Number of protein chains: 2
Amino acid sequence: MATHVAKRCDAAVCGQCEQPCVLGTLQCGLRLDLREFPELKERQLARGDYLFHASGAFESLYAVRSGMLKVSVLTEDGREQITGFFLPGDLVGLDSVGLRQHASSAAAIDDTVVCELPFAVLERHGQSVPRIQAALFRMLSGQIRREQSTLLLLGSLRAEERLAQFLIDLSERVHSDTQCGSAIGMPMTREEIGSYLGLKLETVSRTLSKMHRDGVIEVVKRGVRIRQVDRLRRLAGLAVRPQGDSAHRRGH
Amino acid sequence: MATHVAKRCDAAVCGQCEQPCVLGTLQCGLRLDLREFPELKERQLARGDYLFHASGAFESLYAVRSGMLKVSVLTEDGREQITGFFLPGDLVGLDSVGLRQHASSAAAIDDTVVCELPFAVLERHGQSVPRIQAALFRMLSGQIRREQSTLLLLGSLRAEERLAQFLIDLSERVHSDTQCGSAIGMPMTREEIGSYLGLKLETVSRTLSKMHRDGVIEVVKRGVRIRQVDRLRRLAGLAVRPQGDSAHRRGH
DNA sequence: CGGCCGTTGTTACCGGTTGTTACCTGGCGT
DNA sequence: ACGCCAGGTAACAACCGGTAACAACGGCCG
């Protein structure tokens with residue numbers, strides 16, 4: 001599983017400064033050179049460990065190197081809402097940049113390695129290196145956009161559409177495109193999937209079973225294999241793309 | 001209505017540089033001095049006018065001076081999901097900072113005045129004035145947090161809870177706290193409320209009627225008056241606060 | 001190695017909340 | 001006055017949640 005998700009981060013070497021000496025290409029193309037970050041630390045998390053808690057002090061962003069994290073917020077009466085899953089190459093903690101405390105908590109869903117980026121260091125470098133600052137802005141906006149897509153999913157789609165979009169999204173983030181027959185590792189439980197998608201775990205299970213029966217996917221242990229990408233896209237309410245076309249469908 | 005929502009922005013004078021010469025206090029305490037922004041322009045929008053469209057070029061952020069805007073994204077098959085309503089003091093366009101194109105569109109729900117802040121200008125000032133840059137970061141994170149709250153609303157709450165939270169949120173943003181008997185202007189249609197809350201307009205109508213019958217609120221033309229704040233908070237699944245307590249319930 | 005137990009996942013059935021459809025009312029502008 | 005649109009109401013249907021029973025898996029310990 002780690003070998004799948006490492007793809008987007010494979011130029012990265014973190015912690016002890018081995019070659020190549022960059023943290024890797026994060027979303028939006030930020031590349032960080034470790035020689036400028038002597039204080040960078042790597043952290044290992046076991047499944048279930050928390051990276052930070054809501055209301056804890058905000059100090060750092062975290063670049064995911066391998067594994068998977070969930071970020072969640074709580075209702076006053078204790079219900080958990082997962083607002084996102086974070087894969088290698090993603091940056092966690094963007095909801096607290098410039099603020100004192102975290103508003104959400106982040107926990108490892110699988111054994112996970114992250115690289116800690118103290119925000120004070122990023123900010124200092126951003127002052128002198130406009131590229132770093134621009135990349136920070138892009139990542140913040142990117143986070144907003146991803147959440148807007150999730151709002152659309154939760155507000156407008158039905159259970160089967162939500163699951164289908166979720167699988168396609170995961171697939172595109174793990175590999176770089178949605179291939180047929182590609183396996184997607186899903187270390188999270190049905191309940192966590194349901195929390196993210198605004199469904200109950202039984203509904204998640206039912207819907208996955210139905211897709212399996214229909215031959216669209218194959219449900220394997222802690223993962224899914226996509227059998228018919230085009231049918232899955234249709235279930236998601238998305239246009240069926242002819243072949244490896246990278247989702248630029250916006251030309252005015 | 002404009003007199004209600006102007007409160008958070010009443011120190012502001014925009015466009016022609018009258019006194020006091022600041023744009024006003026935006027969320028997160030950003031104050032902009034107009035003498036530094038000679039190129040600032042004010043824009044008037046009539047109900048229904050678009051401020052920008054998805055896939056249009058991103059050039060500016062917009063500070064809402066009066067009125068109300070909706071920001072929405074579209075599914076591939078044409079359904080609209082409203083991701084937020086923007087009131088005076090709010091900053092619109094944060095989902096595209098540092099990117100080329102808008103991913104969402106913004107339209108006036110009421111007659112609205114905004115102040116255009118070209119991002120290039122903000123960025124330039126941010127380089128030399130750390131306070132401005134820090135404020136930008138805070139506003140971006142603030143936007144992420146607000147969307148996370150909405151994710152929680154859409155993913156975990158039922159119709160009545162969603163409406164109640166929506167009314168409380170609106171009330172707290174229009175006035176600074178939730179007073180009893182305070183009127184809330186709601187220039188948006190039932191369908192737009194429903195889009196934002198992930199409900200159909202009939203459900204919105206049903207639920208508001210029920211709250212009215214129960215004596216919790218009073219539904220008036222294009223607005224609502226809160227009759228029993230504590231019962232409304234209970235409907236929203238929120239703790240009932242003793243008296244004007246400003247929502248800091250996070251002590252570890 | 002094997003059995004036990006807790007966790008996670010699957011399936012079935014029923015009921016409730018919400019979506020659908022249809023029709024009506026009232027206000028506003030032409 | 002007329003038509004149009006936002007809003008309200010009601011009956012019905014669909015979808016999803018709630019509950020429960022069971023199966024599969026994994027860890028622990030004898």
Side-chain angles (χ1 to χ4, degrees), chain A residues 1 46-48 70 75 79-82 107 109-111 153-164 166-167 184-214 217-224 235 237, chain B residues 46-48 68 70 75 77 79-82 107 109-111 153-164 166-167 184-214 217-224 235-237:
Chain A
M1 184 149 317
R47 180 186 170 88
K70 65 172 177 181
T75 58
R79 283 173 280 184
E80 178 190 46
Q81 173 71 35
I82 294 180
I109 274 180
D110 209 350
D111 292 349
L153 183 146
L154 291 176
S156 303
L157 303 188
R158 289 173 316 151
E160 195 170 45
E161 297 172 315
R162 294 186 201 186
L163 248 322
F166 174 67
L167 294 178
I184 312 170
M186 297 203 300
M188 69 290 272
T189 66
R190 297 289 185 261
E191 184 167 23
E192 288 168 330
I193 298 173
S195 170
Y196 176 62
L197 297 177
L199 303 169
K200 290 297 158 187
L201 66 93
E202 295 89 339
T203 305
V204 173
S205 186
R206 263 191 297 254
T207 309
L208 286 177
S209 298
K210 180 173 183 298
M211 289 178 176
H212 192 168
R213 271 197 308 278
D214 295 350
I217 61 173
E218 186 176 340
V219 180
V220 296
K221 192 169 55 178
R222 293 267 152 166
V224 157
L235 286 181
Chain B
R47 180 187 170 88
M68 194 181 291
K70 66 171 177 181
T75 58
D77 55 349
R79 284 173 278 185
E80 178 190 46
Q81 172 72 35
I82 294 180
I109 272 179
D110 208 351
D111 292 347
L153 183 146
L154 291 176
S156 304
L157 304 187
R158 289 173 320 152
E160 196 170 46
E161 296 172 315
R162 295 187 201 187
L163 248 321
F166 175 67
L167 295 176
I184 312 171
M186 297 203 301
M188 69 290 274
T189 66
R190 297 289 184 261
E191 184 167 22
E192 287 167 331
I193 298 173
S195 169
Y196 177 62
L197 297 177
L199 303 168
K200 291 294 159 189
L201 68 91
E202 292 88 344
T203 305
V204 173
S205 188
R206 251 198 302 249
T207 309
L208 286 177
S209 298
K210 180 174 183 296
M211 288 179 177
H212 192 169
R213 272 198 307 278
D214 295 350
I217 61 173
E218 186 177 338
V219 180
V220 296
K221 191 169 58 178
R222 293 267 152 166
V224 157
L235 286 181

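Just so we're on the same page: letters track the sequence lines, and every chain starts at 1. What you see is a predicted model, and the numbers here were worked out from it, not measured in a lab. Heavy-atom basis, side chains included; hydrogens, waters and symmetry copies ignored.
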*Asks:* Main chain of B:L201, side chain of B:S205: is a donor-acceptor contact present, judged purely on distance under 3.5 Å?
*Replies:* no

*Asks:* So where does chain B start and stop touching DNA chain C, 5' to 3', when the test is distance under 4.0 Å to a non-hydrogen atom?
*Replies:* C:dT17 to C:dC28

*Asks:* Please confirm whether the shortest side-chain N or O distance from B:S209 to OP1 or OP2 of D:dT9 is below 4.0 Å.
*Replies:* yes

*Asks:* Give the C-alpha distance, both sets of side-chain angles, the deciding distance and a yes or no for side chain to side chain contact (heavy atoms under 4.5 Å, CB included) between A:L163 and A:L199.
*Replies:* CA-CA 10 Å; A:L163 248 322; A:L199 303 169; 3.8 Å; yes

*Asks:* Report the distance from atom CG of B:L208 to atom C1' of D:dT9, rounded to the nearest whole Å.
*Replies:* 14 Å

*Asks:* Detail all sub-3.5 Å separations between protein N/O atoms and N/O atoms belonging to nucleotides 18-25 of chain D.
*Replies:*
| unit_1 | atom_1 | unit_2 | atom_2 | d |
| --- | --- | --- | --- | --- |
| D:dG18 | O6 | A:R206 | NH1 | 3.1 |

*Asks:* Any donor-acceptor pair under 3.5 Å linking the side-chain atoms of B:S209 with those of B:R206?
*Replies:* no

*Asks:* Salt bridge or not for B:R47 and B:E192, using N-O below 4.0 Å?
*Replies:* no

*Asks:* Check the pair B:M186, B:M68 against side chain to side chain contact (heavy atoms under 4.5 Å, CB included), reporting the backbone distance first and the verdict last.
*Replies:* CA-CA 9 Å; B:M186 297 203 301; B:M68 194 181 291; over 6 Å; no

*Asks:* Rounding to an integer number of Å, can you tell me how far A:L163 CG sits from D:dC16 P?
*Replies:* 10 Å

*Asks:* Any side-chain N or O of A:R158 below 4.0 angstrom from OP1/OP2 of D:dC15?
*Replies:* yes

*Asks:* Taking NZ from B:K210 and P from D:dG8, how many angstroms apart are they, rounded to a whole number?
*Replies:* 16 Å

*Asks:* Closer to the 5' end of DNA chain C via nearest nucleotide, is it B:E160 or A:S205?
*Replies:* A:S205

*Asks:* Looking only at atom types and distance, does a side-chain atom of A:R162 sit under 3.5 Å from a main-chain N or O of A:L154, one as donor and one as acceptor?
*Replies:* yes

*Asks:* Take B:T189 and B:R222 through the test side chain to side chain contact (heavy atoms under 4.5 Å, CB included) and record every step on the way to the result.
*Replies:* CA-CA 8 Å; B:T189 66; B:R222 293 267 152 166; 4.0 Å; yes

*Asks:* Rounded to whole Å, how long is the line connecting atom CZ of A:R79 with atom P of D:dG17?
*Replies:* 13 Å

*Asks:* Between B:V219 and A:L157, just flag the one whose closest nucleotide in DNA chain D comes earlier from the 5' side.
*Replies:* B:V219

*Asks:* Using a 4.0 Å heavy-atom cut-off across all strands, classify B:G194 as base, sugar-phosphate, or nothing.
*Replies:* nothing

*Asks:* Tell me whether A:E80 at atom CD has more than 12 heavy atoms from other residues, nucleotides or ligands lying less than 6.0 Å away.
*Replies:* yes

*Asks:* Hey, does B:L199 reach any base, or is it just sugar-phosphate, or nothing, if we go heavy atoms under 4.0 Å?
*Replies:* sugar-phosphate

*Asks:* Any donor-acceptor pair under 3.5 Å linking the side chain of A:Q81 with the backbone of A:S195?
*Replies:* yes

*Asks:* If only side-chain N and O atoms of B:R222 are considered, is one of them under 4.0 Å from the OP1 or OP2 phosphate oxygen of D:dG7?
*Replies:* yes

